[in-house]
Novice: 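Sending over a structure as structure tokens; questions will come in a sec.
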Amino acid sequence: MHIHKFEKIWLILGVTALFVFLTVLGVSAFYDGNQPASCLVTIDPEKVTETKPFDKPGLHKVEGKEWDYELVFVVSAFKFDPGEVQIPKGATVKFMATSTDVVHGFEVAGTNVNMMIEPGYVNEYTKTFDKTGEYLILCNEYCGTGHAMMTSKIEVVN
Ligand code: CUA
């Protein structure tokens, strides 16, 4: 069978690109440990307030982990619990959030923290707060009549 020269080049390029992408994906997943951000931890949405750590929403100091604090949020229509929280400057904080009812958003305005909070799943994101100031947390998934009022606040203090 005769294959045209350009056809051959195109095939080689295609197969090479496939291997390059699979290698990047493999190294990222198995060497760097990058996994999908959500759907790893599940929770019974009807028993959120009885399930650790969601029985005690708020900021908790932890020892011996890569982060200094765990910031636990119970999200429901139409509020974030806690509604306001203070974080010491320079602290690395692991956000942990779940919903008791419908899908909500969890965006810390002006940062990379932006999660979709689904009932039945626990979402996590780790971030270091290097600057003092106020950060607005808002729900960016339409969840009902009180959606626009759903906010919380982080204050980074010295
Ligand atoms: Cu909760 Cu919109």
Side-chain angles (χ1 to χ4, degrees), residues 17 20-158:
V20 167
F21 292 144
L22 283 176
T23 307
V24 168
L25 191 71
V27 169
S28 168
F30 299 109
Y31 182 73
D32 286 339
N34 286 322
Q35 301 289 324
S38 61
C39 303
L40 292 171
V41 184
T42 56
I43 184 170
D44 182 344
E46 308 217 316
K47 294 191 181 135
V48 167
T49 51
E50 300 148 46
T51 312
K52 275 190 176 170
F54 298 98
D55 54 343
K56 289 195 190 98
L59 192 68
H60 305 292
K61 179 104 179 109
V62 293
E63 302 286 339
K65 295 189 176 170
E66 283 169 45
W67 47 90
D68 309 312
Y69 293 90
E70 286 174 354
L71 181 47
V72 179
F73 273 94
V74 174
V75 186
S76 59
F78 300 98
K79 70 181 179 89
F80 292 98
D81 186 10
E84 194 180 328
V85 62
Q86 285 196 334
I87 295 173
K89 185 183 161 189
T92 299
V93 175
K94 184 184 195 176
F95 290 88
M96 305 167 88
T98 191
S99 166
T100 60
D101 40 45
V102 296
V103 174
H104 296 279
F106 187 103
E107 178 180 354
V108 184
T111 72
N112 279 346
V113 185
N114 190 354
M115 305 186 282
M116 184 190 266
I117 310 299
E118 292 170 86
Y121 294 98
V122 176
N123 259 306
E124 300 176 345
Y125 197 99
T126 306
K127 172 172 175 58
T128 305
F129 288 88
D130 290 324
K131 277 186 267 173
T132 55
E134 277 186 14
Y135 294 85
L136 178 71
I137 300 175
L138 47 93
C139 177
N140 57 12
E141 296 280 342
Y142 183 72
C143 52
T145 49
H147 166 70
M149 272 107 70
M150 247 187 104
T151 62
S152 180
K153 196 171 77 177
I154 288 174
E155 224 184 311
V156 181
V157 293
N158 274 312

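Computed from a predicted model, the values in this text were never measured in an experiment. When a ligand or atom number is given, it counts from 1 through the structure's own listing order. The figures here come from the full heavy-atom set of this structure, side chains too, leaving out hydrogens, waters and symmetry mates.
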Novice: Please work out the angle at atom 1 (Cu) of ligand 1 defined by atom SG of Cys143 on one side and atom SG of Cys139 on the other, rounded to 10°.
Specialist: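 For SG of Cys143 and SG of Cys139, the angle centred on atom 1 (Cu) of ligand 1 reads 120°.
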Novice: Can you name the N, O or S atom of Glu141 that is closest to atom 2 (Cu) of ligand 1?
Specialist: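 Considering only N, O and S atoms, Glu141 comes nearest to atom 2 (Cu) of ligand 1 through O.
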Novice: Heavy-atom distance under 4.5 Å between the side chains of Val103 and Met116, does that happen here?
Specialist: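 Side chain of Val103 against side chain of Met116, heavy atoms only: contact under 4.5 Å found.
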Novice: Is there side-chain contact between Val108 and Phe95, with at least one heavy-atom pair below 4.5 Å?
Specialist: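 Val108 vs Phe95: side chains touch.
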Novice: Output yes when a side-chain donor or acceptor of Tyr142 lies under 3.5 Å from a complementary backbone atom of Gly144, and no otherwise.
Specialist: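 Pair found, side chain donor or acceptor close to backbone of Gly144.
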Novice: Do you know which N/O/S atom name in His147 is closest to atom 2 (Cu) of ligand 1?
Specialist: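 Looking only at N, O and S atoms of His147, the one nearest atom 2 (Cu) of ligand 1 is named ND1.
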Novice: Would you confirm whether the ring centroid of Tyr135 sits within less than 6.0 angstrom of the ring centroid of Phe129?
Specialist: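 Yes: the rings meet the under 6.0 Å criterion.
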Novice: Any sub-3.5 Å donor-acceptor pair from His104's side-chain atoms to Glu141's backbone N or O?
Specialist: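 Judged by distance alone, no pair lies under 3.5 Å.
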Novice: Please determine whether Met150 has a backbone or side-chain N, O or S atom lying under 2.8 Å from atom 1 (Cu) of ligand 1.
Specialist: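 Here the distance criterion (N, O or S atom, under 2.8 Å) is met by Met150, so yes.
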Novice: Which is the closest N/O/S atom of His104 when seen from atom 1 (Cu) of ligand 1?
Specialist: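 Considering only N, O and S atoms, His104 comes nearest to atom 1 (Cu) of ligand 1 through ND1.
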